Amino acid sequence: MNVLEIRGLTKKFGDVVAVDNISLKVGQGEIFGFLGANGAGKSTTINMICSLLQPTDGDIRIMDHDIKLQSRFAKQSLGIVPQDLAIYEDMSAYENVSFFAGLYGIRGALLKQRTQEALEFVGLGDKAKSFPKNFSGGMKRRLNIACAIAHKPKLIIMDEPTVGIDPQSRNYILSSVRELNESGCTIIYTSHYMEEVEEICSRIAIVDHGKIIAEGTKEQLTATITDTKDIVIELKNAAGAEGDLLKGLPGVRKVSQEENVIRIHSDASVDNLNRILKQLMAEDLEIRKVEEREPNLETVFLTLTGRNLRD
Amino acid sequence: MIAWLITVKEVKQHFRDYRTLFFLLAFPIVLMLILGITLTNAFTSEVKLDGISVLVNDASSGELSRSFAAFEGELSHSGIAFEKLKPGMEGREEIGSDHYTAYVQLSDTGMSLYSSSSTTVESIIVQGMLSAFTDKYNAAAAVAQEADSAEVQAVFAGSGGNYVKDESVIPDRMPGSMDYYAMSMTVMVGLFGAMSAGGLISSERVRGTGVRLFAAPIRRSDIFIGKVMGNVVANTLCILIIVVFSKWVFKAYWGAHLAAVIAVLICEVIMATSFGIAANSWIKNGGGRGLIMLVVQLSSFIGGAYFPVADSGIMGTVAWLSPLRWANHALLSIIYNDDAAAAWPAMGFFLGAALLLLLSTVDFRRNREVV
């Protein structure tokens, strides 16, 4: 059974087509990665699934309920973890979770039980009476998740749930996502961190310019990349490696740099490693490590869209 | 039920916001205290009277003497002291030296009154009472010419011994400064409901929580009603706190029809809340808040929140543009004229205005897109 089914979804803002005829099926028990750079149409699609925006055209069904015709049933099955924190700073963690669960019709003893369970699930059981204004960024993110799961939704949409938090909290959230999935939840997961998506998602769709340009498992997606390779070079000190030092070399498609690590996206058919290394040494740059990596999601994304996910 | 859930949340948040509490509770109470104390004299309408003492020289005999003795007996209960002229005293000199309010000389041919010019009000009171006595005595004398003694006595008995009739040029009770400012500040706080209402929906968007609210399986009308109710309940609670505080701590007078007073104030809060919502839907991106501030401050000023406004003249006419004036006018009638029915026109005005304002936001509520 499909938990989410989208057919011909289109959204136009005036003359701008933000989402262009997207069709998609997400089956029960999946963690579905939804990848796209800023402005690709990912958030617009998610907002339409959450009924926050009205589609210009197309249908969305959640648990076989049309979100236009059976909106309440469709929404009842949905939990949202928005990218921007959606919690009340002036209400305790318990009050936050309890209030949002109450909107889904949960009352009385069950509400108390579900609220406590949700808080314990995200590791905030002992902080129930504390106010989020006193929480760290990671704790707020976890509370943001608790508010989405207390009513036990069948489908949870997590939009960048780990943005701006420490590694410990990120690991906690990722393991929570897995645990939720194991308990029967279907999850749509978006992130700018490709490694997270690679780690937890069973299936991935890549969105660009309002269209889904690729869809499949990680293995299926990377298998499509046969004409490019990634060369990663670690330098002792990358000062001087900036600019267009390597861009003009044969086969080089894109060069990006993070601190002392240079990543070169290149045509697989061109044997250009020696020329790249010579160019760097000519600039008196000391090379510490050279690695030619197998295609990964980042490579797939870069190959398909021509830009990095975080561009 | 869902709307009630949102209402409870709104009230909680209202009372946890220290800025709101300061604005809605501390500020009006402090202002009430300052204005109530400093402007006391501007509201005083009382004339303090010294004790009234009347010097009597009774040289009459028979019926006049007996009747005047009865008259003295009745008035002594009203705190007016009568003293017999003692030997060696000169009545007119005593009046001239202000030892007595008036000097009355009785003889078989009639009665003379000498008053002190320095105690004008008191002298007028004595003069009025003696005039009443004289009228009754003359009436009795006329009856006596054709009737027996019992009928004469009946004329005096018919008076009931009441020689003092209260007639005032001002109503029974007028507000003192603290009474006035307790009322006007409370009305002003009711109007402040517009400010908190201005951000009712937009605050959810700003906090990001609007996404969860609008994605939940509830009607938009539930959210709207819950938010409006929350603002009305929270502001009403603030008003009740101010009324109770001013009544028990500042001893402000709220009259005998407190329920009617509260009803007017609640309707005012509903109108203010509706205005806040409407202003924010008319002018987006914070402009609505500016409009609300402008209208609330202007209304407070011209409506008599800080200084009583005259009923006549240009200011008196302009003041009626302020909802504060409508509320003040109704409350003054309810509290000081004992006229609970004065609540109805004000309530009708406020609820009618609220309805029109909310109708003007229909487009906003029909717009189903949230982000």
Side-chain angles (χ1 to χ4, degrees), chain A residues 11 13 43-44 46-56 62 65 67-68 70-92 95-107 111 131-133 140 144 147-148 150-151 153 155-157 159, chain B residues 1-24 196 199-227 229-231 233-234 237 284 363-371:
Chain A
K11 179 67 184 178
F13 296 102
S43 294
T44 307
I46 286 175
N47 285 333
M48 285 190 282
I49 297 170
C50 298
S51 306
L52 302 174
L53 282 176
Q54 293 298 300
T56 308
I62 298 172
H65 297 299
I67 64 160
K68 279 186 220 158
Q70 299 158 297
S71 169
R72 294 186 85 166
F73 292 108
K75 285 175 165 184
Q76 189 72 38
S77 306
L78 188 63
I80 303 172
V81 181
Q83 180 179 349
D84 295 325
L85 291 168
I87 51 176
Y88 296 107
E89 298 266 329
D90 50 2
M91 286 166 65
S92 71
E95 286 172 328
N96 264 288
V97 177
S98 173
F99 171 71
F100 287 117
L103 297 179
Y104 289 80
I106 304 169
R107 300 278 181 275
L111 179 63
F131 285 76
K133 59 188 170 192
K140 285 181 184 177
N144 203 29
C147 291
H151 63 285
L155 172 66
I156 302 176
I157 296 177
D159 191 4
Chain B
M1 185 62 196
I2 291 290
W4 180 245
L5 199 69
I6 296 169
T7 299
V8 171
K9 182 214 70 150
E10 287 293 312
V11 173
K12 265 186 200 172
Q13 290 181 311
H14 220 85
F15 281 90
R16 284 176 184 174
D17 184 350
Y18 297 122
R19 286 169 303 177
T20 304
L21 284 185
F22 172 80
F23 210 56
L24 291 182
S196 46
L200 273 183
I201 305 294
S202 60
S203 67
E204 296 287 353
R205 289 202 180 104
V206 170
R207 282 190 282 214
T209 44
V211 171
R212 276 199 210 288
L213 275 181
F214 289 102
I218 56 176
R219 289 187 296 263
R220 283 174 71 92
S221 58
D222 281 331
I223 300 172
F224 189 75
I225 292 167
K227 303 278 293 178
M229 283 283 291
N231 197 62
V233 171
L237 286 174
K284 306 285 183 197
D363 278 351
F364 153 74
R365 279 177 283 123
R366 278 186 182 159
N367 178 9
R368 293 176 58 80
E369 301 211 333
V370 180
V371 292

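All figures in this text were calculated on a predicted structure; none of them were measured in a lab. Heavy-atom basis, side chains included; hydrogens, waters and symmetry copies ignored. The sequence lines fix the lettering, A, B, ..., with proteins before strands; numbering per chain opens at 1.
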Checklist entry - Relative to chain A, which of B/I218, B/D222, B/V8, B/L5 shows the most heavy atom pairs under 4.5 Å? => result B/L5
Item to check | Partner residues of A/Y88 under the ring-ring contact (aromatic ring centres under 6.0 Å, His included) criterion, sequence neighbours left out | outcome: A/F99, A/F100
Item to check | When A/C147, A/C50, A/A74 are compared by non-hydrogen pairs under 4.5 Å with chain B, the top option | outcome: A/C147
Item to check | Partner set under ring-ring contact (aromatic ring centres under 6.0 Å, His included) for A/F73, not counting sequence neighbours | outcome: A/H65
Item to check | chain B contact via A/N96 - which portion, at a heavy-atom distance below 4.5 Å | outcome: neither
Next on the checklist: Could you check whether any side-chain heavy atom of B/T209 comes within less than 4.5 Å of a side-chain heavy atom of A/E89, counting everything from C-beta outward?
Outcome noted: no
Checklist outcome for this item: Heavy atoms of B/I2 and A/L103 approach each other most closely as CD1-O, 3.8 Å
Checklist entry - Has B/R219 got more than 12 heavy atoms of other residues, nucleotides or ligands less than 6.0 Å from its CZ? => result no
Checklist entry - Which atom pair, heavy atoms only, marks the closest approach of A/K75 to B/A216? => result CD-O, 3.4 Å
Checklist entry - Considering only heavy atoms, which portion of A/E95 lies under 4.5 Å from any heavy atom of chain B: side chain, backbone, both, or neither? => result side chain
Checklist entry - How many angstroms lie between NZ in B/K9 and CG in A/D90, if you round to the nearest 0.5 Å? => result 8.0 Å
Checklist outcome for this item: Sorted by chain and residue number, the side-chain hydrogen bond (donor to acceptor under 3.5 Å, both in side chains) partners of A/T44 (sequence neighbours excluded) come out as none
Item to check | Atom of B/G208, atom of A/A86 and distance for their closest heavy-atom approach | outcome: O-CB, 3.3 Å
Next on the checklist: Sub-4.5 Å heavy-atom contacts with chain A: which residues of residues 12-20 of chain B show up?
Outcome noted: B/K12, B/Q13, B/R16
